[in-house]
Amino acid sequence: MPSFDTVLEADLVEVKNAVDQVAREIGTRFDFKGTSAAIELKDKEITLFGDADFQLQQIEDVLRNKLAKRNVDVRFLDIGKVEKMGGDKVKQVVKVRNGIATEDGKKIQQAIKASKLKVQGAIQGDAVRVTGAKRDDLQAAMAIIRTEMKDLPLSFNNFRD
């Protein structure tokens with residue numbers, strides 16, 4: 001039975017490279033000289049450090065540009081709130097999304113059911129497996145998922161015939 005998996009996976013190597021480039025740019029830019037501006041990556045969390053909200057916004061813009069140049073969709077970023085640290089320093093945690101959340105998986109299943117195609121969607125961990133009798137139905141399901149879930153950078157893999 002033909003099937004494919006709908007997944008939400010960022011290329012973490014490219015994310016790491018982009019963060020390294022941003023750190024290098026922070027070190028060389030004149031407007032960041034003598035400030036506490038910094039960026040670091042741990043697991044799937046990017047932490048931005050700065051002296052003010054404005055500085056965090058500048059670092060975030062540089063990060064978005066570097067990710068876009070490395071073909072990493074910026075919709076993978078889940079930007080958190082600005083937190084105050086000691087003194088006048090601030091930080092912001094940006095999470096890199098990986099895996100489809102349960103409620104998003106349910107939305108994908110509902111979109112597939114509403115399309116009246118002869119395919120079934122099943123949530124398997126952090127992916128949604130779609131199975132059907134015909135390849136054409138599966139390709140139509142991919143198109144429906146792309147149009148319904150515009151806010152998520154979904155990809156399709158493990159296509160089996």
Side-chain angles (χ1 to χ4, degrees), residues 3-111 121-130 139 141-160:
S3 68
F4 67 88
D5 290 343
T6 306
V7 294
L8 182 71
E9 291 177 347
D11 188 354
L12 294 175
V13 174
E14 291 295 338
V15 171
K16 182 183 183 306
N17 291 339
V19 169
D20 289 344
Q21 282 184 333
V22 172
R24 253 184 272 125
E25 186 168 327
I26 287 171
T28 58
R29 267 180 55 169
F30 180 75
D31 55 341
F32 290 134
K33 289 270 194 249
T35 65
S36 65
I39 186 169
E40 68 179 31
L41 174 70
K42 284 186 181 170
D43 294 328
K44 294 176 185 161
E45 284 189 353
I46 303 169
T47 309
L48 312 175
F49 299 98
D51 290 337
D53 295 352
F54 175 71
Q55 204 170 50
L56 290 181
Q57 188 64 41
Q58 284 182 318
I59 296 169
E60 184 185 322
D61 288 343
V62 174
L63 177 65
R64 285 178 186 270
N65 288 336
K66 297 297 182 189
L67 287 172
K69 284 181 183 174
R70 297 194 148 275
N71 293 327
V72 176
D73 200 325
V74 293
R75 292 179 292 178
F76 282 115
L77 300 180
D78 190 16
I79 298 167
K81 293 182 180 175
V82 176
E83 303 168 18
K84 295 246 183 231
M85 292 171 54
D88 58 348
K89 311 271 189 262
V90 290
K91 77 173 185 175
Q92 187 174 28
V93 176
V94 178
K95 292 183 180 167
V96 180
R97 290 186 192 172
N98 212 2
I100 298 174
T102 309
E103 56 271 3
D104 291 330
K106 289 179 182 177
K107 286 180 189 175
I108 291 171
Q109 277 185 317
Q110 289 171 353
I123 298 173
Q124 295 188 336
D126 55 0
V128 177
R129 175 158 290 163
V130 180
Q139 289 174 341
M142 282 183 192
I144 288 167
I145 292 171
R146 276 196 188 105
T147 57
E148 291 293 319
M149 305 300 288
K150 283 187 170 69
D151 57 332
L152 295 177
L154 297 171
S155 58
F156 307 102
N157 64 11
N158 209 8
F159 195 92
R160 302 221 170 132

Who are the salt bridge (charged side-chain N to carboxylate O under 4.0 Å, His left out) partners of [X], not counting sequence neighbours?
X: Glu148; result: none
X: Arg64; result: Glu60
X: Arg24; result: none

Any residue meeting side-chain hydrogen bond (donor to acceptor under 3.5 Å, both in side chains) with [X], in chain and number order, not counting sequence neighbours:
X: Lys91; answer: none
X: Arg146; answer: none
X: Arg129; answer: Asp5

Does a side-chain heavy-atom distance below 4.5 Å link [X] with [Y]?
X: Ile46; Y: Val15; answer: yes
X: Phe156; Y: Ile145; answer: yes
X: Asn98; Y: Leu8; answer: no
X: Phe49; Y: Thr47; answer: yes
X: Lys44; Y: Leu12; answer: yes
X: Leu152; Y: Arg75; answer: no
X: Gln92; Y: Ile59; answer: no

Got a sec, which residues hit side chain to side chain contact (heavy atoms under 4.5 Å, CB included) with [X], two or more places apart in sequence or on another chain?
X: Asp61; result: Gln57
X: Asp51; result: Thr35, Ser36, Gln55, Lys89
X: Glu45; result: Val93, Lys95
X: Asp126; result: none

- prompt: Does any pair with a residue in residues 77-87 pass salt bridge (charged side-chain N to carboxylate O under 4.0 Å, His left out), and if so which ones, sequence neighbours excluded?
  reply: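 Sorted result for residues 77-87: empty, none.
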
Selection residues 27-37 - residue pairs positive for salt bridge (charged side-chain N to carboxylate O under 4.0 Å, His left out), sequence neighbours left out: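 Listed once each, the pairs are Glu25-Arg29, Arg29-Asp31.
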
message: Just checking Asp43: does its CG atom have more than 12 heavy atoms from other residues, nucleotides or ligands closer to it than 6.0 angstrom?
response: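 No - once you tally the heavy atoms of other residues, nucleotides and ligands closer than 6.0 Å, there are 12 at most.
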
task: Applying side chain to side chain contact (heavy atoms under 4.5 Å, CB included), run through Met149 and Asp104 and close with a yes or a no.
output: CA-CA 8 Å; Met149 305 300 288; Asp104 291 330; 4.1 Å; yes

Smallest separation among heavy atoms of [X] and [Y], with atom names:
X: Ala18; Y: Leu67; answer: CB-CD2, 3.6 Å
X: Gly50; Y: Leu56; answer: N-CD2, 3.7 Å
X: Ala127; Y: Val7; answer: CB-CG1, 3.7 Å
X: Ala122; Y: Gln109; answer: CA-NE2, 3.7 Å

- prompt: Quick check: does any side chain N or O of Lys16 sit under 3.5 Å from a backbone N or O of Val13, one acting as donor and the other as acceptor?
  reply: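 Judged by distance alone, no pair lies under 3.5 Å.
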
message: Using 0.5 Å steps for rounding, measure from the CZ atom of Arg97 to the CG atom of Asp73.
response: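 It comes to 10.0 Å.
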
Spatial distance of atom OG1 (Thr6) from atom CG (Asn157) [nearest 0.5 Å]: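 Between Thr6 OG1 and Asn157 CG, I get 8.5 Å after rounding to 0.5 Å.
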
- request: Start with the C-alpha distance between Ile123 and Lys106, add both sets of side-chain angles, then the distance that settles side chain to side chain contact (heavy atoms under 4.5 Å, CB included), and finish with yes or no.
  value: CA-CA 8 Å; Ile123 298 173; Lys106 289 179 182 177; 4.1 Å; yes

message: Let's go through Ile26 and Val62 carefully: what are the C-alpha distance in whole Å and the side-chain angles of both, what is the deciding distance for side chain to side chain contact (heavy atoms under 4.5 Å, CB included) to 0.1 Å, and is it a yes or a no?
response: CA-CA 9 Å; Ile26 287 171; Val62 174; over 6 Å; no

task: Any chance you could lay out the side chain to side chain contact (heavy atoms under 4.5 Å, CB included) test for Val128 and Ile100, step after step, and finish with the verdict?
output: CA-CA 8 Å; Val128 177; Ile100 298 174; 4.2 Å; yes

